[in-house]
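In what follows, chains are A, B, ... by sequence order, proteins preceding strands, each numbered from 1.
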Amino acid sequence: MSSHLFFLGCTVPVRGQNYELSARKVAERLGIKLIDEPDFACCGFPVRSSYEDTAFLLAARNLAIAEERGGDIITLCSSCTATLSEVSHRLRTDPDRLKWTNRHLKEIGKKIQHPVSVKHFARFLYDEIGIERIKEKVERPLTQLTIAPHYGCHYLKPSHLFGEDPEIPHTLDELITATGARVVEYEEKKLCCGGAILGIDEDVALTMAHKKLTSVKGEGADGLALICPFCAIMFDDLQRKVDSKFNTNFNLPILYYPQLLGLAFGIPETELGFKFNKVKAKGLLS
Amino acid sequence: MSLLKEVLSRPGGEEIRRCFACSTCSGSCPVREIDGRFNPRRIIRMVLLDLKEEVLKSDFIWYCTTCNSCQERCPQGVRIYNIMNILKNIAVKEGIIHPTFKAQVDLVGRMGRLYEVEDFDNKKRTKVDLPEVKKVFPEVRRLFDLTGVRIDE
């Protein structure tokens, strides 16, 4: 088995410490060794809309580093996941693009021969650890909680990269069920968080977040579980802003899935970064 | 070059001619539901009619959330999300860039990161037992230079 290099991306290390802390803790409990790689930089996603080739090389640079270290990549951010997966796939299937890429990477002393595989942490838990093994580690089943899953977009799409039907997603549902919590269905389950256009039109982005929160709250969920730092910015960091814009008072805890799983494993809240959650999620179990 | 020809020549743009205007994309678009000015079917149609200036100068090409719903559901295999990206890339080439995207490009080019990491952030990280992270990646800047992208300080 190859080693797993931990790809943090741009958002997680400065705005998603609760995600990072809880993912590391949960991985430790499950015996997953995540190796930190300080040379990983931006995945390229923020540049893609403006300069596709530059963005492609940014992704390729990270893939080259992983290949050199002899590991695959495990990600926390869904946009990093889709961007790196897409570039890895293209390099595996398009020899001309591979040549073009290596011509540029040579200038910074890097090279790609066998593009590494990239997997989102949640998908790694589902595929490589498996629901049964996760259940075995649960010490404190969260049976009193009702949780709504938010998959986000880039964890599922483009679907040819991930093999899960984006119209009927199921992996996060099952991962939540494994903690003992009850999963609740809601109408806007597949709605995007709006994060990518927050800087383009805040009104539209917040309206999307409001729609999602309204739908989740309407089903009586105790919390929303998610797996992408930008989705968390929309629903957790900006929940108060949504409230003041729409005159609502959602008070809906937003949890990173590893925080939820960590609770079920019996890891104390203090070790799962709950103090970083903007909407108070401490004491969810009390 | 005509806009349509340029879209057709780029990877992900080839299938645009297969559009039969069913509007599945617009029905799936979460932005269209809130702001009707952003309408993927109309944008596809405008490209097919080669309305270059109208497309590139319109605000709405910047409104795509990249959710990919349109592309996943298109019965004709038109890669709409890719086409939206192509249109933005062409606009940038023609000197039209949304200030938010310009700011993101400059940040990533300068530091190799979208968010600046300051000593304060690393202190905050070590306080909770997280490893420090690098602040700047000069190699990333080099990749911008190699592809001819100018970064403003």
Open item on the list: Does B:R17, at its CZ atom, have more than 12 non-hydrogen atoms belonging to other residues, nucleotides or ligands within less than 6.0 Å?
Closed with: no
Task: Salt bridge flag under 4.0 Å for residues B:K102 and B:D152 - done: yes
Open item on the list: Does this structure show an ion pair linking B:K135 with B:E118, if we count only N-O contacts that are shorter than 4.0 Å?
Closed with: no
Winner by heavy-atom pair count (cut-off under 4.5 Å) against chain B, out of [options]:
options	answer
A:C42, A:C192, A:C10, A:S49	A:S49
A:T11, A:I200, A:D201	A:I200
A:C153, A:A41, A:A196, A:G109	A:A41
A:L156, A:L57, A:L105, A:L191	A:L57

Open item on the list: Keeping A:D165 on the side-chain end and A:S159 on the backbone end, is there a donor-acceptor pair under 3.5 Å?
Closed with: no
Task: Stacked cation flag A:R24 on A:Y19, 6.0 angstrom / 45 deg - done: no
TODO: Report yes or no: is the cationic atom of A:R123 (NZ for Lys, CZ for Arg) closer than 6.0 Å to the six-membered ring centre of A:Y155, at no more than 45° off its axis?
DONE: yes
- [ ] Could you tell me which portion of A:L8 (side chain, backbone, both or neither) has an atom closer than 4.5 angstrom to a non-hydrogen atom of chain B?
- [x] side chain
Open item on the list: For A:D39, which atoms come within 4.5 Å of any heavy atom of chain B: side chain, backbone, both, or neither?
Closed with: both
For the candidates [options], which exhibits the highest count of non-hydrogen atom pairs separated by less than 4.5 Å from chain A?
options	result
B:V149, B:V133, B:V105, B:L87	B:V149
B:R10, B:Q71, B:R73	B:R73
B:L114, B:L130, B:D35, B:D121	B:L130

Open item on the list: Checking A:E107 against B:R142 for the salt bridge (charged side-chain N to carboxylate O under 4.0 Å, His left out) test, could you report, in this order, the C-alpha distance in whole Å, the side-chain angles of both residues, the deciding distance, and whether it holds?
Closed with: CA-CA 8 Å; A:E107 300 289 326; B:R142 179 93 182 96; 3.3 Å; yes
